[in-house]
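Count residues from 1 along the sequence. When a ligand or atom number is given, it counts from 1 through the structure's own listing order.
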Amino acid sequence: MKIYNTMSRKKEEFIPLVQGEVSMYVCGPTVYNFFHIGNARTFVVFDTVRRYLEYRGYKVKFIQNFTDIDDKMIKRANEEVITVEELGNRFIGEYYKDADDLNIERATVNPRATEYIEQIISFVQDLIDRDYAYEVDGDVYFSTKKFKGYGKLSGQNIEELQAGARIDIDERKKDPMDFAVWKSQKPGEPAWKSPWGMGRPGWHIECSCMAYNLLGDTIDIHAGGSDLEFPHHENEIAQSESRTGKTFARYWMHSAFVNVNNQKMSKSLNNFFTVREVLQKYDPDVIRMFMLSGHYRTQINFSIELLDSTKAAMDRLNNSILNLESFLDRAVTESIDESEKNYINNLNEYKVKYIQKMDDDFNTADAIAVIFDLIKDININVNNKSSKELINYCLSLIKELGGPLGILQHSKRENIEDDIQKLIEKRQQARKDKNWKLADEIRDMLKKDKIVLEDTAQGVRWKRI
Ligand code: AMP
Ligand code: ZN
């Protein structure tokens, strides 16, 4: 299995530190607002990476943090006249709601920065003791020049970084590239007691500290959106490696942006769509498929038109699954025969191809294409004359390949049939009551969803057109 490592800018064979186990850290959200489709891509992508690693038999320890103390949190809490803690609690709750709805598996641990203050303080003290950090009036800065590898992730040396950096007029820093690992309290800000006075942690130190406490000195995969490569991840490396002298993360993965009209979707540009609002109109499967239909290192453009065309594609898949489910009712033969056995062997070729694609740096775009090819093949060759065993095999293969992508996991009939059945019953009642207008309205409503009703001797049947 190969993973593109941002550190080497190459695809590398993935060999975890401990055989059969993977430790993974993903930079999570700052919990001051609902998360948007751009953030969601990062979460969905790394949820998919984790699911696929599990599918391939690895035991994955998956950590994704909540940044629950920083400037944005403080600003928003002040605006809402609530405490930063209340704000964090609220949006962590909202995060779980949306993430669960998006079928994102819960992390092994979601640590909150504010739960690790004590450990962060001792991390900072350690950096000072090792002469990698210095205190000025209650602030503590990391001395970037002291860390030889500074710039290695983003492929720049410190002089280039300095030239490219905005001039920082903070006179107290020894070097403009130095960054805060501890910030002294400003009036009205939440703060904790520390050897340097009241203050709070800088953003970068929280990830270094939580990764260390939960996963140890060296982790297998460290991931986040591509905007975090510099400076966030570069700073994490500097803090962690100068403290332990060991490699911090062995594989660095970065997912590309979701754009709107070729600009990054972001809260500050106000061009964002929250997951909450998009989920009102589109199934989680559609949103996940939209995100995974591009390779995770390629930027994708968000538009309602694209979501609609993804929905149409998803409907085709769902229709085929619905058909299979209804064949199962009508099938008379239980077990597969010789020719069906051969056919199953053919179908397994799709699984082989799917694994090849996913093993190649999680090529979800091609893996989805393989699922479409598989379903096309099944559409042609499986029908109500097929054996139940074959139909069940097809259904379970589709579900298996959808699993790592977090899609196609539920029986289509269970969801849809319930709703349709209720409407049919309502229509039957309306007809009994001679309320022809309502009966016609229900029929038209179903027709809009491409469902037609047939009155048969056995009662009302429905089918998709
Ligand atoms: P934030 O809440 O801004 O700290 O972001 C949480 C995660 O979402 C980080 O890993 C970011 O890199 C990622 N992210 C933010 N905006 C986008 C975007 N437009 N496309 C993809 N990922 C994003
Ligand atoms: Zn981080």
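Set against the non-hydrogen atoms of Met265, the atoms of ligand 1 under 4.0 Å away are 16 (N), 18 (C), 19 (N). Below 4.0 Å from some heavy atom of Cys27 lie the following atoms of ligand 1, by number and element: 10 (O). Shown in contact with Ala256 at under 4.0 Å from a heavy atom are these atoms of ligand 1, numbered in order with element: 21 (C). Those atoms of ligand 1 with a heavy atom of Thr42 less than 4.0 angstrom away are 8 (O), 10 (O), 13 (C), 21 (C), 22 (N), 23 (C). Residue Asp227 has at least one heavy-atom neighbour below 4.0 Å for each of these atoms of ligand 1: 11 (C), 12 (O).
The nearest protein atom to atom 16 (N) of ligand 1, hydrogens excluded, is given as Lys264 CE, 3.4 Å; this is a heavy-atom distance. For atom 20 (N) of ligand 1, the nearest protein heavy atom (residue, atom name, distance) is Val258 N, 2.8 Å. What sits closest to atom 4 (O) of ligand 1 on the protein, heavy atoms only, is Thr30 OG1, 3.3 Å. Ranking the protein heavy atoms by distance from atom 18 (C) of ligand 1 puts Gly38 CA, 3.5 Å first. Residue, atom and distance of the protein heavy atom nearest to atom 10 (O) of ligand 1 are Gly225 N, 3.2 Å.
Taking the six-membered ring wherever Trp is involved, the centroid distance between the rings of His233 and His204 does not fall below 6.0 Å.
Annotation: cation-pi geometry satisfied between Arg243 and Phe123 (NZ/CZ under 6.0 angstrom from ring centroid, within 45° of ring axis). The side-chain tip of Arg276 does not point at the ring of Phe34 from less than 6.0 angstrom away and within 45° of straight on. Under a cutoff of 6.0 Å and an axis angle of 45°, Arg297 and Tyr4 form a cation-pi pair.
Within the 4.0 Å heavy-atom shell around ligand 1 one does not find Ser266.
Under the 4.0 Å criterion applied to side-chain N and carboxylate O atoms, Arg9 and Glu229 are assigned as salt-bridge partners. For the pair Glu21 and Lys61, the salt-bridge criterion is not met [side-chain N within less than 4.0 Å of a carboxylate O]. Classification of Arg51 and Glu54 as a salt-bridged pair fails, no side-chain N sitting under 4.0 Å from a carboxylate O.
Within the 3.5 Å criterion, the main-chain N or O of Thr114 finds a donor-acceptor partner in the side chain of Asp68.
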Worksheet item: Checking salt bridge (Lys or Arg N to Asp or Glu O under 4.0 Å) for the pair Asp70/Arg200: CA distance, chi angles, key distance, verdict?
Response: CA-CA 9 Å; Asp70 84 333; Arg200 62 181 166 101; over 6 Å; no

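In this structure, a donor-acceptor pair under 3.5 Å is present between the side chains of Asn235 and Tyr150. Under 3.5 Å, the side chains of Asn110 and Tyr95 contain no donor-acceptor pair of N or O atoms.
For ligand 1, the polar-atom distance check against Asn39 finds a nitrogen or oxygen pair separated by under 3.5 Å.
In Arg41, neither the side chain nor the backbone holds a heavy atom less than 4.0 Å from any atom of ligand 1. Under 4.0 angstrom from ligand 1, there are no non-hydrogen atoms of Ser255.
For the Zn ion (ligand 2), the tally of protein N/O/S atoms lying closer than 2.8 Å stands at 4.
When the options Asp361, Asn363, Thr364 are evaluated for a side chain to side chain donor-acceptor pair (under 3.5 Å) with Tyr296, the one that passes is Asp361.
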